Amino acid sequence: MPVPSSYNDVTQQKEIRDFVGWAWYDRQFYVDSQWKNRRVVLRFESAHYYAVVWVNSKLVMIHDGGHLPFEAVVNNFLDFDGVNRVTVAVNNTLTPHTLPPGTITYKSDPKKYPPGYFTQNLQMDFFNYAGLHRHVRLYSTPTTYIDDITVTTDIQGTTGIVHYNIKPQGETTSPPSVRVEIINKSGHSVGSSNQMSGDIQVNNPEFWYPYTMNLKSPAYMYTLKVTLTSPAGPDVYRLPFGIRTVRVTNTELLINNQPFYCHGVAKHEDSDIRGKGLDYALIAKDFNMLKWLGVNCFRTSHYPYAEEILDQADQQGIAIIDESPGVGITKNDNFGPVSLAHHLEVMGELVRRDKNRPSVIIWSTANEPASSNKLSEAYFKSVIGHTKTLDPTRPVTFVCNNIDHTDYVVQFVDIICLNRYFAWYSDVSHTELIQLQLGNNLDTWNQKYNKPIMITEYGADTIAGLHRDPSFVFTEEYQVEFMGEYHKTFDAKRGKYLVGEMVWNFADFMTVQGITRVVGNKKGILTRQRQPKHAAFLLQSRYHKMFNCSSPKDTRLYFQSINVS
Ligand code: BDP
């Protein structure tokens with residue numbers, strides 16, 4: 001099997017596509033003998049879902065969770081002069097305590113099923129692609145090394161304040177010394193320090209902001225160059241970061257103290273052949289399509305994406321709602337102590353990985369959990385509270401599909417994220433009801449909580465090339481009409497409390513086989529091959545008009561002035 005990739009769609013075997021259980025990877029490698037005196041680390045960037053790793057037949061590490069990196073020091077397992085073998089067993093079984101959760105049902109009727117027959121039941125709407133989805137790396141550091149760096153930034157007038165904290169690790173006879181420098185894009189040092197933690201002021205900095213805010217130089221990235229010196233030798237780390245702030249008020253989302261309106265999409269990591277495997281060409285294509293559409297923000301629905309994708313978001317100036325794999329937390333036994341402990345751990349891994357990225361403006365702890373179930377209250381109080389403790393600088397939320405039941409979780413969020421499917425999952429075909437139902441529903445949530453609201457999903461399944469006039473469900477005409485009605489309500493609420501909109505979905509994507517999905521979910525405005533359906537042009541024209549004024553208030557004025565509502 002190629003790495004990185006999902007193993008499911010690579011062969012012509014149905015058994016491999018639909019496989020549930022242990023898959024084994026194994027390969028030989030050599031290590032540079034000069035690494036003998038260094039610390040050698042084996043790192044997996046994603047193994048879906050549960051992974052056990054051996055080096056030269058000795059157990060090295062076990063990791064629970066499919067979308068975040070894990071690593072271990074392997075010096076004691078390596079042969080620096082001969083051939084080595086790494087073996088990985090990956091199991092894609094989802095249980096009530098995994099994220100996402102799932103269940104296995106054993107079918108015991110011998111008249112209907114052979115002995116031991118079972119099925120995997122998913123609680124999410126995407127294919128459970130599996131395998132080594134991202135890179136596996138072997139890297140080395142000196143034995144005294146930089147374990148972690150945290151950078152947060154503030155803006156005071158025309159000054160950028162860079163707070164940093166460096167955590168050195170390792171055995172040393174004398175404490176290591178450090179040199180910290182902030183380097184601008186032209187390679188010049190604009191601030192420095194010799195302390196492990198502290199503040200560095202940058203006068204008149206270039207700020208990081210999304211490219212559609214149309215200011216001078218968007219997405220400006222600095223480098224924090226950290227040189228740790230110890231008897232073990234220098235460890236030099238270059239951390240890209242941006243100077244920016246994110247805040248929410250009762251009605252607004254502010255980036256660098258300026259109102260930001262998210263004109264976005266929700267996505268998936270999904271493609272033909274590679275499944276969820278990292279694919280550089282696909283990443284480049286997707287960012288080109290995002291820019292082509294005029295998107296300034298996307299949600300990593302419904303799990304953390306590859307770091308290479310977030311690198312592009314940082315560099316190209318696209319804001320991100322960074323979502324945990326907490327999708328489908330809907331059954332009572334998904335709210336137990338084992339699930340909670342795992343969810344807290346996953347939030348820790350996610351924040352540790354992505355905390356220094358300027359593109360990440362919001363943490364999403366979950367998608368569509370049963371927030372009308374009383375059990376969700378204590379569970380999410382803990383998950384959201386924990387995430388805020390891990391990172392007090394960003395708003396924290398979860399994505400809610402509760403329409404009008406009592407809700408136990410929205411009370412804890414900084415910004416309300418709602419998925420709405422009026423005229424699709426309810427009153428299907430009745431686009432004439434969308435404005436009335438959506439408008440009333442949004443006002444109700446706003447009045448109850450007095451917090452800003454973002455629509456994080458709305459959409460209709462559409463088979464590319466299917467046409468009918470007047471519109472009919474599943475046709476391209478229906479998707480255009482449906483979205484147009486949503487846009488009218490968005491325009492009426494923007495500038496009041498609505499701070500963003502995200503269509504579901506950027507592109508069609510694969511799901512489990514079933515009678516409500518025709519070879520996958522077809523709510524993409526692009527096909528799975530990234531070709532536009534008619535609705536993509538509607539969105540493109542809408543989003544490009546918003547460019548000059550990503551502030552909701554400005555956008556309303558702009559729309560009035562050109563008479564588009
Ligand atoms: C929402 C889910 C999303 C689904 C979508 C749909 O958040 O994962 O794919 O509905 O049904 O409820 O298309």
Side-chain angles (χ1 to χ4, degrees), residues 149-166 178-227 237-263 296-297 310-311 313-320 354-362 391-395 414-415 452 495 499-500 546-558:
I149 304 175
T150 307
V151 172
T152 59
T153 56
D154 266 335
I155 298 171
Q156 281 170 14
T158 54
T159 306
I161 317 285
V162 180
H163 313 283
Y164 71 92
N165 188 8
I166 297 159
V178 75
R179 173 82 185 148
V180 183
E181 273 181 291
I182 296 179
I183 314 279
N184 70 12
K185 268 195 182 168
S186 334
H188 299 125
S189 172
V190 293
S192 63
S193 160
N194 292 330
Q195 306 294 320
M196 285 296 175
S197 64
D199 295 347
I200 299 176
Q201 295 199 358
V202 183
N203 293 325
N204 294 312
E206 300 277 0
F207 296 109
W208 188 97
Y209 46 82
Y211 80 101
T212 53
M213 286 174 92
N214 226 7
L215 303 172
K216 215 167 38 155
S217 45
Y220 194 94
M221 298 288 283
Y222 289 92
T223 302
L224 193 80
K225 182 180 173 200
V226 180
T227 310
Y237 198 90
R238 288 179 182 80
L239 175 78
F241 74 98
I243 299 178
R244 65 108 186 81
T245 57
V246 183
R247 256 183 345 109
V248 288
T249 67
N250 291 347
T251 53
E252 290 176 318
L253 169 61
L254 304 170
I255 297 185
N256 300 348
N257 298 319
Q258 300 187 51
F260 175 68
Y261 186 79
C262 153
H263 31 101
N296 65 356
C297 183
L310 297 186
D311 288 343
D314 281 342
Q315 288 163 24
Q316 299 202 33
I318 307 241
I320 299 287
D354 294 347
K355 65 186 168 188
N356 295 323
R357 294 186 173 279
S359 59
V360 174
I361 57 164
I362 297 171
D391 179 6
T393 70
R394 289 178 176 89
D414 298 308
I415 176 167
V499 296
M546 295 177 171
F547 260 31
N548 292 327
C549 34
S550 275
S551 136
K553 285 189 183 118
D554 293 350
T555 330
R556 268 175 75 222
L557 290 175
Y558 181 75

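These figures come from a predicted structure and were not determined experimentally. We number each residue from 1, following the sequence as shown.
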Margin query: Set out, in order, the CA-CA distance, both residues' side-chain angles and the distance that settles side-chain contact (heavy atoms from CB on, under 4.5 Å) for L224 and I182, then state yes or no.
Written below: CA-CA 5 Å; L224 193 80; I182 296 179; 3.8 Å; yes
Item checked: I361/L253 under side-chain contact (heavy atoms from CB on, under 4.5 Å): CA gap, chis, key distance, verdict -> CA-CA 10 Å; I361 57 164; L253 169 61; 4.2 Å; yes
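Residues satisfying the salt bridge (Lys or Arg N to Asp or Glu O under 4.0 Å) criterion with D154, sequence neighbours excluded, are absent altogether. The side chain to side chain donor-acceptor pair (under 3.5 Å) search around S192 returns R179, not counting sequence neighbours. Scanning for ring-ring contact (aromatic ring centres under 6.0 Å, His included) contacts around F207 gives an empty result, with sequence neighbours left out. Shown here are the side chain to side chain contact (heavy atoms under 4.5 Å, CB included) partners of N257, two or more places apart in sequence or in another chain: T245, R247. Not counting sequence neighbours, the partners of D314 by the side chain to side chain donor-acceptor pair (under 3.5 Å) test are R357, S359. Remark: Y164 engages S193 in a side chain to side chain donor-acceptor pair (under 3.5 Å) (not counting sequence neighbours). Taking the side chain to side chain donor-acceptor pair (under 3.5 Å) definition, one finds that R394 meets it with D391, sequence neighbours left out. With sequence neighbours left out, the side chain to side chain contact (heavy atoms under 4.5 Å, CB included) criterion links K225 to E181, I183, T227, V236, R238. Partners of S186 by side chain to side chain contact (heavy atoms under 4.5 Å, CB included), not counting sequence neighbours, listed by chain and number: N184, H188.
What you find for P452 and V499 is that their closest heavy atoms are CB-CG1, 3.8 Å. Taking all atoms of both residues into account, the shortest heavy-atom contact from Q315 to A219 is O-CB, 3.5 Å. Here the shortest heavy-atom pairing between D414 and V248 reads O-CG2, 3.7 Å.
L310 contributes atom CG, which lies 5.5 Å from atom CD1 of I320 (distance to the nearest 0.5 angstrom). Of the inter-residue distances, the one linking Y209 atom OH with I255 atom CD1 reads 11.5 Å to the nearest 0.5 angstrom. Interatomic distance, N204 CG to T159 OG1, rounded to the nearest 0.5 Å: 7.0 Å. Rounding to the nearest 0.5 angstrom, the gap separating the CD1 atom in I415 from the SG atom in C262 is 8.5 Å.
You'll find the side chain of I318 reaches within 4.5 Å of the side chain of Y211, heavy atoms only. Inter-residue side-chain proximity for V360 and V246 is flagged as unmet; no heavy-atom pair is nearer than 4.5 Å. A heavy-atom distance below 4.5 Å is found between the side chains of P259 and L254. At a threshold of 4.5 Å between non-hydrogen side-chain atoms, the residues V162 and Y222 do not count as touching.
With hydrogens and angles disregarded, no donor-acceptor distance shorter than 3.5 Å links the side chain of Y220 to the backbone of P205. Checking side-chain atoms of N165 against main-chain N and O of S197 turns up no donor-acceptor pair under 3.5 Å. Between the side chain of N256 and the main chain of W208, a donor-acceptor pair closer than 3.5 Å is present.
If you run side-chain hydrogen bond (donor to acceptor under 3.5 Å, both in side chains) between H163 and each of T393, T152, D199, only D199 comes through.
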